[in-house]
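Heads up: the structure comes next, in structure tokens.
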Amino acid sequence: MPELPEMETYKTLLRPRIVGFPITGIDVQREKSINVPVREFRERVQRRTVTDVSRRAKHLLIHLDSGDVLLAHLMLGGKLFYGTESEKPRRTTQVVLSFGERNLYFIGLRLGYLHVLTVGEAERRLSDLGPDPLDPSLTEERFFRALAGKRTALKSALTDQKTISGIGGCYSDEICFEAGLKPTRKVDSLSVEDVSALYRAMRVVLEEAIRFGGYMETPLFVGDTLTGGFDRRCKVYDRGGEPCVRCGRPLLQDEIVSRKTFYCANCQR
DNA sequence: AGGGCAACCCGGACGC
DNA sequence: TGCGTCCGGGTTGCCC
């Protein structure tokens, strides 16, 4: 479930810890999590130095001095932990990158993965993604055009990675609540003012989520007080039946294309 | 264009 | 405590 703010938080916290450092060891505990034979993975990754950590949509990119890129997608429930073996939470780990005594653990990857790719391959893999919601070049005008002509439910459009990338189940609901729009609304029924409100809500919600470290419950490292701070600030996600923070009426749980959706029927139109 | 569906995968929740 | 079962979630791809 990690979405844009969670991956952005990981990026920010990982940068000072692994950029400039060599990967001293590799441990692949589940081969399905990687894209090449273990031997090749080790040859391409071990002893390479990390030159940068970046994010694209829900992907985390670890750039190596060889030019290769480690592309991670945590899908549902995957998480990262950085620290020593004794600090690591007792969870099943699929891939471990060692940085001396400390390790970067990829935990609970199910459909998630850590792929080693050339820059070109990585670019191709990410080329279908729509604009990043926080990209300064995504103006309100461009956002309007991205949604133009769509007849889907608002939630479907917001979570469609080709339309706009990085938003998943939680933040689509939070953004709709902030904008005062029902996630079930058809996109082509939205007024110019609605789309404008949606655009502002998208930025407000995602920026606040990033400021508070997203909603991941497990800290990235021992003493990490940033990660997960947004969890308590979610206003509708996974709160079906609970009172709306604005009007007090119970929040509804609905389903849009077989995805759980939460909203307030009173505050959202 | 977009909805429906199956496939992928397994941690966690639930039942007994 | 332990075992079995089932579900969910993002993404891709295919069909209608």
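Letters A, B, ... are given to chains in the order of the sequence lines, protein chains preceding strands, and every chain is numbered from 1. Note that these values count all heavy atoms, side chains included, but never hydrogens, waters or copies made by symmetry.
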Backbone of [Y] reached by a side-chain donor or acceptor of [X] within 3.5 Å:
X: Thr49(A); Y: Gly20(A); result: no
X: Arg42(A); Y: Gly25(A); result: no
X: Gln253(A); Y: Gly241(A); result: no
X: Glu242(A); Y: Pro250(A); result: no
X: Arg55(A); Y: Ala57(A); result: yes
X: Arg91(A); Y: Ile107(A); result: no

How many whole angstroms separate atom [atom1] of [X] from atom [atom2] of [N]?
X: Asn35(A); N: dT11(C); atom1: CG; atom2: C1'; value: 16 Å
X: Ile167(A); N: dT11(C); atom1: CD1; atom2: P; value: 12 Å
X: Lys155(A); N: dG3(B); atom1: NZ; atom2: P; value: 14 Å
X: Leu111(A); N: dA6(B); atom1: CG; atom2: C1'; value: 13 Å
X: Asp160(A); N: dG4(B); atom1: CG; atom2: C1'; value: 15 Å
X: Lys186(A); N: dA1(B); atom1: NZ; atom2: P; value: 17 Å
X: Leu74(A); N: dC8(B); atom1: CG; atom2: C1'; value: 16 Å
X: Arg151(A); N: dG4(B); atom1: CZ; atom2: P; value: 14 Å

Give me, pair by pair, the N or O atoms of the protein and of nucleotides 4-6 of chain C that are less than 3.5 Å apart, along with how far apart they are.
none

Will you find, in the side chains of Thr93(A) and Lys88(A), an N or O donor that is under 3.5 Å from an N or O acceptor?
yes

Rounding to 0.5 Å, atoms CZ (Arg48(A)) and NE2 (His63(A)) come to a distance of 15.5 Å

Side-chain N or O of [X] closer than 4.0 Å to phosphate OP1/OP2 of [N]:
X: Arg259(A); N: dG9(C); value: no
X: Lys58(A); N: dT11(C); value: yes
X: His73(A); N: dT11(C); value: yes

By nearest-heavy-atom nucleotide on DNA chain C, the more 5' of His59(A) and Glu255(A) is Glu255(A)

Of Pro133(A), Pro131(A), Ser137(A), the one forming a side chain to side chain contact (heavy atoms under 4.5 Å, CB included) with Asp135(A) is Ser137(A)

Listed pairs under 3.5 Å, donor-acceptor, residues 95-103 of chain A side chains, sequence neighbours left out:
residue	atom	partner	partner atom	Å
Ser98(A)	OG	Asn103(A)	OD1	2.7
Asn103(A)	ND2	Tyr105(A)	OH	2.9

Open item on the list: Check for me whether Arg30(A) meets the cation-pi criterion with Phe106(A), that is, NZ or CZ under 6.0 Å from the six-membered ring centre and within 45 degrees of the ring axis.
Closed with: no

Contacts satisfying ring pair (Phe, Tyr, Trp, His ring centres under 6.0 Å) that involve residues 218-261 of chain A (not counting sequence neighbours) are Tyr171(A)-Phe230(A), Tyr237(A)-Phe262(A)

Q.
Does Gly169(A) reach a base, just sugar-phosphate, or nothing at all? Heavy atoms under 4.0 Å.
A. sugar-phosphate

Quick one: which protein N/O atoms are closer than 3.5 Å to N/O atoms of nucleotides 12-16 of chain C? Pair and distance per line, please.
none

Under 3.5 Å between N/O atoms: give me all the protein pairs with nucleotides 10-13 of chain B, atom names plus distance.
residue	atom	partner	partner atom	Å
dC10(B)	OP1	Arg30(A)	NE	3.3
dC10(B)	OP1	Arg30(A)	NH1	3.3
dC10(B)	O2	Arg110(A)	NH1	3.3
dG11(B)	OP1	Thr92(A)	OG1	3.2
dG11(B)	O4'	Arg110(A)	NE	3.4
dG11(B)	O4'	Arg110(A)	NH2	3.4
dG11(B)	N3	Arg110(A)	NH1	3.3
dG12(B)	OP1	Arg91(A)	NE	3.4

Bend of the helix from dG2(B)-dC16(C) to dC16(B)-dG2(C) from end-axis comparison, five pairs per end, nearest 10°, comes to 40°

How about CZ on Arg246(A), more than 12 heavy atoms from neighbouring residues, nucleotides or ligands closer than 6.0 Å, or not?
yes

- Message: A side-chain contact here means heavy atoms from C-beta on lying under 4.5 Å apart; do Pro183(A) and Gln268(A) qualify?
- Response: yes

